[in-house]
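What follows is one structure encoded as C-alpha cells, with my remarks underneath.
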2 protein chains.
Amino acid sequence: MENASERTSVGAAPPPAHPRPEGQDRYAISEVAAFTGLTAHTLRWYERIGLMPHVDRSHTGQRRFTNRDLDWLGFVGKLRLTGMPVADMVRYAELLREGEHTFEARQELLEATRRDVRTRIAELQDTLAVLDFKIEFYAGARRVPERPSA
Amino acid sequence: MENASERTSVGAAPPPAHPRPEGQDRYAISEVAAFTGLTAHTLRWYERIGLMPHVDRSHTGQRRFTNRDLDWLGFVGKLRLTGMPVADMVRYAELLREGEHTFEARQELLEATRRDVRTRIAELQDTLAVLDFKIEFYAGARRVPERPSA
DNA sequence: TAGAACCTTCGAGTGCACTCGAAGCAAGCG
DNA sequence: CGCTTGCTTCGAGTGCACTCGAAGGTTCTA
C-alpha cells in the first residue's frame, strides 16, 4: 500500500513535476514556495479555500508538506494552465477528501476536464493555422518587395 | 487590388470566422454584436482602446463595420483564445495602422505569438497526458472494485 | 411621428486569482 | 539569546478584461 504503483491519495500520481530536490517527505512552506514558484501567501490561501487535501502539521502547528502535496500542486499547476477555474479544482479536492465512494464523480470530472482541454487544443491549433497563414503572407510579401527600382 | 487574394489591410485574411450572414459590407453595431457575440459596449470599447483599425462612419456618425472589420474581430477572437493580452493586440493594430513599413515588425510579432501558442499547446498536451493517466487509473479501479463480497 | 437604435462621455461595478501588509505571537537554529 | 521563519486573522489592493448604467442627445425605420 505504500509503494503500490497507484497511490490513490492524489487520485494517482504520474510523473513528478516541479524540481523535487531532496529525498525526504516533510517540507516547510518556504521550501514548497521555492519549488513551486507560488508564494507562502498563496499556499496558505490554497489551503484556506479548500484546494489542498489536508496538509500535515508539525507538533507545534507548522505546515509540513509531503511529496504527495507537491504532486498535487503540480497537478493543480497543470489544471491552472488549462484555464480551469479554481472553484472546479476545489470541487475535485473535495471529492478526494470524501473518500472512495467519489471515484465515479472524480472520473467524470476528469473526463469533462479532458474534453475541455481537447477543445482548447483544437482552438489553439486553429489559431496556429491562422498565424501560419499570416506569417506566410508576410514572408511572401518580403520576398517580393515593392518593385525594386532598376 | 480589390479582389486580390491578399488584402493587406488586416494583414491577410484566411477563412472567414463568425457566421457572416448578408452579402454586403456595412454593418450596424447591433449586427456586429450579434455575429460576434460581443456587446455593443465592448465593440465601442475595442475602438476606444485602439483595438480596431479605424471603423467607418455613416454621414451621420454611426459606425458602419465592414467585412474586413469582421475578419479582424475574428482574428482578435482567436488571439483572445490564446490568452494574449489585449495590449499586445493593440500593438499589432497600431502596426497595421502605421502602414507598410511595419511589415517586418508585424511578422516578428506574429512569430512570437506563434511560439507562445505552440508552447501553450505543448503544455495542454502535457496536461492531457496527465488527465489520461488519471482517468485510466479510475477506469482500472472500477474494473477491479473493492473485493466483491461472496 | 413614435419608438428603437445610435451616439458621446463618465464613471462605477464585476469576477477572478491572487497579492500584500500588518498585528501580535510561537517556534526553530546557530 | 537573537534573528528568521512560521503561525493566525483581517482586510485592503492589484490587474485584467470587460460590463453596465445613466445622462442627454441624434438618427433611423415602420
Side-chain angles (χ1 to χ4, degrees), chain A residues 22 24 26-52 54-66 69 72-93 113 116 120 123 127, chain B residues 21-22 24 26-52 54-66 69 72-93 113 116 120 123:
Chain A
E22 311 164 43
Q24 38 148 338
R26 292 177 74 74
Y27 307 97
I29 198 168
S30 61
E31 294 176 299
V32 176
F35 308 164
T36 62
L38 302 169
T39 67
H41 259 305
T42 300
L43 287 168
R44 294 194 197 100
W45 178 68
Y46 274 9
E47 196 181 340
R48 260 203 328 277
I49 65 174
L51 189 46
M52 291 299 304
H54 184 60
V55 176
D56 234 53
R57 299 298 182 113
S58 73
H59 71 105
T60 52
Q62 300 201 187
R63 266 167 273 251
R64 291 296 172 244
F65 293 81
T66 62
D69 293 328
W72 171 252
L73 285 170
F75 181 49
V76 164
K78 294 242 175 274
L79 292 182
R80 229 180 357 159
L81 288 176
T82 71
M84 178 190 269
V86 163
D88 291 6
M89 300 185 214
V90 169
R91 176 78 191 122
Y92 185 73
T113 303
D116 288 356
R120 305 260 314 104
E123 286 169 351
T127 303
Chain B
E22 311 165 42
Q24 37 147 338
R26 291 176 75 74
Y27 307 96
I29 198 167
S30 61
E31 294 175 298
V32 176
F35 308 163
T36 62
L38 302 169
T39 67
H41 258 307
T42 300
L43 287 168
R44 292 194 198 100
W45 178 68
Y46 275 10
E47 196 181 340
R48 252 196 343 268
I49 65 175
L51 190 47
M52 290 300 304
H54 183 61
V55 176
D56 235 54
R57 299 300 181 113
S58 73
H59 71 105
T60 53
Q62 299 202 188
R63 266 167 273 252
R64 292 294 172 244
F65 293 81
T66 63
D69 293 327
W72 171 252
L73 285 170
F75 182 50
V76 164
K78 294 241 173 277
L79 292 181
R80 229 181 356 160
L81 289 176
T82 72
M84 177 190 270
V86 163
D88 291 6
M89 300 184 213
V90 169
R91 176 79 191 121
Y92 186 73
T113 303
D116 287 354
R120 304 257 317 104
E123 287 169 350

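Chain letters run A, B, ... following the sequence lines, proteins first, then strands; residues in each count from 1.
- Between the C1' atom of dG21(C) and the CH2 atom of W45(A) lies a distance of 17 Å, rounded to the nearest Å.
- Across the protein-nucleic acid pair, R57(B) atom CZ and dT8(C) atom C1' stand 10 Å apart, rounded to whole Å.
- The distance from atom CD of E31(B) to atom P of dC6(C) is 8 Å, rounded to the nearest whole Å.
- Between the C1' atom of dG15(D) and the CE atom of M84(B) lies a distance of 18 Å, rounded to the nearest Å.
- For W72(A) against L51(A), the heavy-atom pair with the smallest separation is NE1-O, 2.6 Å.
- Atoms CZ (F65(B)) and C1' (dC7(C)) sit 12 Å apart, rounded to a whole Å.
- Separating the CG atom of L43(A) from the P atom of dG6(D) is a distance of 11 Å, rounded to the nearest angstrom.
- The side chain of P85(A) lies closest to dA17(C) when the candidates are dA27(C), dA17(C), dA17(D).
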- Task: Show your reasoning for whether salt bridge (charged side-chain N to carboxylate O under 4.0 Å, His left out) applies to E123(B) and R120(B).
- Result: CA-CA 5 Å; E123(B) 287 169 350; R120(B) 304 257 317 104; 3.1 Å; yes
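- Positionally, the nearest nucleotide of DNA chain C for E47(B) lies more toward the 5' end than for the other of E47(B) and H59(A).
- The residue among S58(B) and A87(B) whose nearest nucleotide of DNA chain D is located toward the 5' end is A87(B).
- Heavy-atom distances to DNA chain D give each of T60(B) and V86(B) a nearest nucleotide, and the one nearer the 5′ end belongs to V86(B).
- In this structure, R57(B) and R26(B) approach most closely via the heavy-atom pair O-NH2, 3.8 Å.
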- Message: The test is side-chain contact (heavy atoms from CB on, under 4.5 Å); show your working for V32(B) and D69(B) and say whether it passes.
- Response: CA-CA 9 Å; V32(B) 176; D69(B) 293 327; over 6 Å; no
- Pairing pattern in dot-bracket form [Watson-Crick, G-U; both distances under 3.5 Å; | = partner strand] for DNA chain C: ||||||||||||||||||||||||||||||
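- Residue I29(B) contributes atom CD1, which lies 15 Å from atom C1' of dC28(D) at whole-angstrom precision.
- OP1 or OP2 of dC18(C) lies within a sub-4.0 Å distance of a side-chain N or O belonging to Y46(A).
- Remark: R63(B) is not in phosphate contact with dC6(C), judged by side-chain N or O atoms under 4.0 Å from OP1 or OP2.
- No donor-acceptor distance shorter than 3.5 angstrom exists from the side chain of T42(A) to the backbone of L38(A), with no hydrogens or angles considered.
- Here R64(A) lies out of heavy-atom contact (under 4.0 Å) with every strand.
- In this structure, a donor-acceptor pair under 3.5 Å is absent between the side chains of D116(B) and T113(B).
- Taking the six-membered ring where the residue is Trp, Y27(B) and F35(B) present perpendicular rings, their angle passing 60° and hence far from 30°.
- Mapped onto DNA chain C by nearest heavy atom, R48(B) and A28(B) fall at different nucleotides, with A28(B) at the one closer to the 5' end.
- For the OP1/OP2 pair of dC7(D) and a distance below 4.0 Å, the side-chain nitrogens and oxygens of R44(A) include at least one atom meeting the criterion.
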